[in-house]
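Below is one structure, written out as structure tokens; comments come after it.
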Amino acid sequence: MSKVKRIALFGMLTALAFTLSYLETLIPVSVGVPGVKLGLANLVVVMALYTLSPFEAFALSFVRVLLAALTFGNAYSVLYSLAGSLLSFLVMWAVKKSKLSIVGVSMLGGVCHNIAQIAVAAVVMSTVRIVYYLPILLVSGLVTGFLTGVLSKSVCERIKKTDRREL
């Protein structure tokens, strides 16, 4: 893929991830625990991890988090989101080459995202009692990671079919 096409693809994926972040703010998720989200934008990040270079996928994740947190959040949401996305991305990138499927990688990413956010919350709030939220957040990370992984797998398969037809 030419450099111009890669830049255009990066821009489109960033816009898509940002749009999904916005859509997520419109969908109320109420399970009694703060921090539970659908993780719609992570669909784009997982897909990028499997279709772009690791650096491009990381840059996409970083830019998306900054844009969304600065647009829809506050200083604390930037901190929580960056910590969650950083740990999530690093773990997904590290296990991507293992025998774990794209769905498993996505689920692990969802769980790690929540673990990092709880760790930041414990530091910010100066209490470890926040860890009591962790079981619910781990379950939500598994569920949303599963859904994101299934969608990412489907999209990646379609991209591969499209790439073969272009040859």
Side-chain angles (χ1 to χ4, degrees), residues 6 9-31 33-74 76-121 133-160:
R6 286 189 93 71
L9 177 62
F10 184 84
M12 288 189 310
L13 291 176
T14 301
L16 177 61
F18 182 65
T19 301
L20 290 173
S21 292
Y22 172 68
L23 286 175
E24 189 170 27
T25 66
L26 302 177
I27 301 170
V29 178
S30 179
V31 294
V33 174
V36 175
K37 293 186 177 181
L38 296 175
L40 297 175
N42 293 331
L43 164 69
V44 181
V45 174
V46 172
M47 186 193 74
L49 186 61
Y50 281 85
T51 57
L52 302 175
S53 74
F55 175 76
E56 291 167 323
F58 177 77
L60 173 74
S61 178
F62 184 77
V63 168
R64 192 261 322 160
V65 165
L66 280 181
L67 285 173
L70 293 173
T71 305
F72 312 121
N74 54 43
Y76 286 111
S77 63
V78 172
L79 186 62
Y80 289 118
S81 296
L82 280 176
S85 66
L86 178 63
L87 181 63
S88 174
F89 182 84
L90 290 174
V91 169
M92 289 191 303
W93 175 63
V95 299
K96 178 186 153 203
K97 298 285 185 189
S98 71
K99 292 184 179 187
L100 215 52
S101 70
I102 190 170
V103 176
V105 169
S106 179
M107 290 172 73
L108 192 56
V111 167
C112 288
H113 187 88
N114 290 334
I115 290 170
Q117 287 189 324
I118 284 290
V120 169
Y133 286 130
L134 194 56
I136 294 170
L137 290 174
L138 293 179
V139 170
S140 76
L142 286 172
V143 171
T144 59
F146 174 79
L147 297 173
T148 300
V150 168
L151 290 171
S152 297
K153 180 181 178 192
S154 176
V155 170
C156 286
E157 287 170 354
R158 290 173 191 247
I159 288 172
K160 287 177 186 174

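The chain is numbered in sequence order, starting from 1.
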Item to complete: Show your working on side-chain contact (heavy atoms from CB on, under 4.5 Å) between Leu40 and Ser21 and close with a plain yes or no.
Response: CA-CA 7 Å; Leu40 297 175; Ser21 292; over 6 Å; no
Discussion item. Are there over 12 heavy-atom neighbours, none belonging to Phe10, within less than 6.0 Å of that residue's CZ?
Written reply: yes
Discussion item. Within the structure provided, determine whether Leu16 and Met12 are in side-chain contact (heavy-atom separation under 4.5 Å).
Written reply: no
Item to complete: Find the distance between CE (Met47) and CD1 (Ile102) and round it off to the nearest 0.5 Å.
Response: 9.5 Å
Worksheet item: Does Ser98 reach the main-chain N or O of Val95 with its side chain, forming a donor-acceptor pair under 3.5 Å?
Response: yes
Worksheet item: Where do Val46 and Val105 land on the side-chain contact (heavy atoms from CB on, under 4.5 Å) test, with the steps shown first?
Response: CA-CA 8 Å; Val46 172; Val105 169; 5.7 Å; no
Practice prompt. Keeping the roles fixed (side chain from Glu24, backbone from Leu38), state whether a donor-acceptor pair exists under 3.5 Å.
Written response: yes
Worksheet item: Does NZ belonging to Lys153 count more than 12 external heavy atoms closer than 6.0 Å?
Response: no
Worksheet item: How many angstroms lie between CE in Met92 and OG in Ser85, if you round to the nearest 0.5 Å?
Response: 9.0 Å
Practice prompt. Rounded to the nearest 0.5 Å, what's the gap from CZ on Phe146 to CG on Leu151? Could you check?
Written response: 9.5 Å
What donor-acceptor contacts under 3.5 angstrom involve side-chain atoms of residues 56-69, with partners at least two apart or in another chain?
| from | atom 1 | to | atom 2 | distance (Å) |
| --- | --- | --- | --- | --- |
| Glu56 | OE1 | Arg6 | NH2 | 2.6 |
| Glu56 | OE1 | Ser53 | N | 3.0 |
| Glu56 | OE1 | Ser53 | OG | 3.1 |
| Glu56 | OE2 | Arg6 | NE | 3.0 |
| Arg64 | NH2 | Asn42 | OD1 | 3.3 |

Worksheet, complete the sentence: Smallest heavy-atom separation, Gly39 atom then Thr148 atom, equals O-OG1, 3.7 Å
Fill in: Heavy-atom closest contact (Cys156 atom, Tyr50 atom, distance)
SG-CB, 3.9 Å
Item to complete: Check Gly109 against Ser88 and note the closest heavy-atom contact, atom names and distance.
Response: O-OG, 3.0 Å
Worksheet item: Mind checking whether Pro135 and Leu138 have side chains closer than 4.5 Å, heavy atoms only?
Response: no
Item to complete: Please lay out, stage by stage, how Leu87 and His113 fare under the test side-chain contact (heavy atoms from CB on, under 4.5 Å).
Response: CA-CA 6 Å; Leu87 181 63; His113 187 88; over 6 Å; no
Discussion item. Distance check, rounded to the nearest 0.5 Å: Tyr133 atom OH versus Asn114 atom CG?
Written reply: 13.5 Å
Worksheet item: Looking at CG of Leu52 and CG of Leu9, how far apart are the two atoms once the value is rounded to the nearest 0.5 Å?
Response: 5.5 Å
Discussion item. Which label fits Tyr22 and Phe72: parallel for a plane angle under 30°, tilted from 30 to 60°, or perpendicular past 60°?
Written reply: tilted
Item to complete: Starting at OH of Tyr80, measure out to CD1 of Ile118 and round the result to the nearest 0.5 Å.
Response: 8.5 Å
Practice prompt. Take Leu23 and Leu26, measure what side-chain contact (heavy atoms from CB on, under 4.5 Å) needs, and give me the verdict at the end.
Written response: CA-CA 5 Å; Leu23 286 175; Leu26 302 177; 4.3 Å; yes
Worksheet item: What heavy-atom pair brings Ala41 and Ala17 nearest, and what distance separates the two atoms?
Response: CB-O, 3.4 Å
